[in-house]
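Below is one structure, written out as structure tokens; the observations come after it.
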Amino acid sequence: MKYALGAGQMKEIDRYTIETIGIPSCVLMEKAAMAVVRHVKKLCGKNDRILAVCGYGNNGGDGIAAARILCMEGYTAELCLIGEKTNATKETKQQLKIAKRVGVKIVKKPHFDRYGLVLDAMFGIGLTRPLAGEFYAMADAINASGKPVVAVDIPSGISADNGKVLGIAVKADVTVTFGFRKVGCLLYPGTEYCGRVEVEDIGFFTGGLSEHMTRFYVEEPSQVMLPIRRPDSHKGTYGKALVIAGSKDMSGAAYFAATAAYRMGAGLVRILTAAENREILQRQIPEAILTTYNTLEDRISEEDVQNIREAVDWASVILIGPGLSQSVMSAHLVNYVLAECKVPLVMDADALNILAKLVTERVSEGAGVQERMDCLAAMLPKKTIVTPHKMELSRLTGIPMADLVGSLIDSSAACTYNNEIIFVKKDVRTIVSFGRTDYINVTGNDGMATAGSGDVLAGMIAGYLAQDNDAVMAAVMGCYLHGMAGDVAAKVKGARAMIASDILEEIPAVLALCK
């Protein structure tokens, strides 16, 4: 796994490197500039004019230094300085002096049609306010120019903490970021403004600073950790996953979740579902053990109670919720599992809606986020995995939907109480939160916005968990592999035409890539 840092974490590492380790800021700036130059040279030749648009902060200093290095190597690079000169940092003042001494040209009102490439160095990771005035106008002009853009560390106007656009943002073709990928480069809409992100090591010292590394992402299949397979194993070795899913006339969710669990390598999968689903599921997935209950609304038979008890006692991991509905029987199933579950638990879809209602019944009227979270912690087994989308997350935690729109990373603070619940917060960038740690999933595509996709994800997580009791890794790797299967399916079928079955079909292929 790799680290993803926000502005505060990155500033602390920068400060530690300079003040405690003793590497001068000017050295880091020079190395940053040289890294930028390497990538600029890949995009243009010496006949192309380059415009470096630079602010007076240290991000601007990186850009000024890059323009000077390019000029000294025979390129035509010019500077456009923007902002108040009185705000210039010590390092940027020095870089500007050097640039002037070597003859770097400074232009006040650039005509973008004269340039072959634009270097964006107006603002770096420290930006917290919307771009306005001349900065807004300059970002707009850069975007309208149609020229290739290389951004220094992060495109100006993108929040390094959550990827939000602060008023307006420069749209880059390449972003050369330093030390670590920034959280804002991973999350939408920021990732769309970054183009191709190149992470460059410029000498930051991170030893002893592991407490600052709280956000991670898996970048490529080689980083995937799969449960170990043994040659002397049998089906019992790889766990018994109970999938409590489906309802009358809703067999598909049970099929998707159970098949995904098997495809992930679970040894045995048992489906507990409504009796009406028996015949179709026996045809669709004959490998699964099937236990059914009758869907009577006014009572639950003794036979059903016994079947449910036997199935729950049998399992080594339980997934409950896909397509479950919110019937009387469904509420009974959720309550029974919460009371009797002694194995790892995954809760999805309707199970979460029922859970949210139970929380509301137990907390005081108008309860805040912390009270709801404390109630959840008391109700759920430790390290329960919950897989809410935004609306379900709002219902569970009490966080207003308005606060979740735009960036789920901002909800992490509400999920950091010591309750040991693992949140799989589903969105365009799904975020797995556990304690004070976030894992940002970077796989997946819009073709996965289709019925059944979430059922496949829940099943994949349960299938992993059946083989390995590390619930956090089950959630993280399940999300990554789910998105990866979706990406392969999109290439084969096209995102517009994708259905959940296409994701299922590609699970074996992506697992083979991760060996």
Side-chain angles (χ1 to χ4, degrees), residues 1-11 120 123-131 139 151-199 212-220 223 387-391 393-394 399 401-416 423-434 436-446 448-449 457 475-476 479-480 482-484 486-487:
M1 283 197 203
K2 293 192 175 182
Y3 299 120
L5 273 63
Q9 295 166 314
M10 199 65 240
K11 287 178 180 178
D120 166 34
F123 288 101
I125 62 172
L127 184 68
T128 57
R129 65 185 187 279
L131 295 188
V152 177
D153 213 13
I154 196 167
S156 296
I158 295 297
S159 167
D161 291 318
N162 55 32
K164 290 181 179 177
V165 175
L166 301 173
I168 191 174
V170 172
K171 200 151 193 177
D173 296 276
V174 177
T175 296
V176 184
T177 196
F178 309 127
F180 304 91
R181 195 173 295 241
K182 309 308 182 288
V183 172
C185 294
L186 290 172
L187 299 178
Y188 283 87
T191 189
E192 293 183 296
Y193 284 77
C194 291
R196 186 178 76 254
V197 178
E198 301 285 354
V199 181
H212 297 286
M213 311 302 196
T214 60
R215 286 172 176 162
F216 304 84
Y217 65 101
V218 178
E219 187 173 47
E220 55 192 30
Q223 295 167 354
T387 62
H389 55 57
K390 287 179 184 176
M391 182 61 75
L393 182 64
S394 179
I399 302 171
M401 266 296 291
D403 294 345
L404 297 175
V405 173
S407 179
L408 279 175
I409 201 79
D410 294 334
S411 71
S412 293
C415 303
T416 57
F423 283 85
V424 177
K425 299 179 288 188
K426 297 185 292 191
D427 198 21
V428 62
R429 283 284 196 247
T430 293
I431 298 169
V432 177
S433 296
F434 177 62
R436 298 190 179 277
T437 304
D438 292 315
Y439 301 84
I440 302 169
N441 187 58
V442 298
T443 57
N445 60 82
D446 57 275
M448 302 175 75
L457 171 61
V476 173
C479 288
Y480 181 86
H482 177 251
M484 192 176 169
D487 288 339

So, the side chain of [X] versus the backbone of [Y]: is there a donor-acceptor pair under 3.5 Å, distance only?
{"X": "D161", "Y": "G6", "result": "no"}
{"X": "D438", "Y": "I431", "result": "no"}
{"X": "R429", "Y": "L186", "result": "yes"}
{"X": "K426", "Y": "T387", "result": "yes"}
{"X": "T175", "Y": "T177", "result": "no"}
{"X": "N441", "Y": "T443", "result": "yes"}
{"X": "Q9", "Y": "L5", "result": "no"}
{"X": "S394", "Y": "I399", "result": "yes"}

Please give me the minimum heavy-atom distance between [X] and [Y], naming the atom from each residue.
{"X": "M448", "Y": "G486", "answer": "SD-CA, 3.7 Å"}
{"X": "P155", "Y": "C194", "answer": "CD-SG, 3.7 Å"}
{"X": "L131", "Y": "I168", "answer": "CD1-O, 3.5 Å"}
{"X": "C479", "Y": "V424", "answer": "SG-CG1, 3.5 Å"}
{"X": "G163", "Y": "P189", "answer": "O-CD, 3.2 Å"}

Atom [atom1] in [X], atom [atom2] in [Y]: separation rounded to 0.5 Å?
{"X": "I125", "Y": "F178", "atom1": "CD1", "atom2": "CZ", "answer": "10.5 Å"}
{"X": "D153", "Y": "C185", "atom1": "CG", "atom2": "SG", "answer": "7.5 Å"}
{"X": "I440", "Y": "K425", "atom1": "CD1", "atom2": "NZ", "answer": "9.5 Å"}
{"X": "Y217", "Y": "Q223", "atom1": "OH", "atom2": "CD", "answer": "7.5 Å"}
{"X": "M484", "Y": "E220", "atom1": "CE", "atom2": "CD", "answer": "10.0 Å"}
{"X": "L457", "Y": "T430", "atom1": "CG", "atom2": "OG1", "answer": "7.0 Å"}

Are L166 and F123 side-chain neighbours, meaning at least one heavy-atom pair lies under 4.5 Å?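 No - every pair of side-chain heavy atoms lies 4.5 Å or more apart.
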
For residues K2 and R181, determine if any side-chain heavy atom of one lies less than 4.5 Å from a side-chain heavy atom of the other.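 No, their side chains stay 4.5 Å or more apart.
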
Sole residue of Y439, F434, F180 in ring-ring contact (aromatic ring centres under 6.0 Å, His included) with F216: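 Exactly one option meets the ring-ring contact (aromatic ring centres under 6.0 Å, His included) with F216, and it is Y439.
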
Suppose we screen for salt bridge (charged side-chain N to carboxylate O under 4.0 Å, His left out). Which residues come up paired with E192, at least two apart in sequence or across chains?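 Salt bridge (charged side-chain N to carboxylate O under 4.0 Å, His left out) list for E192, sorted by chain: empty.
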
Quick check on M391: does its CE atom have over 12 non-hydrogen neighbours (other residues, nucleotides or ligands) under 6.0 Å away?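 Open: at most 12 neighbouring heavy atoms sit under 6.0 Å from CE of M391.
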
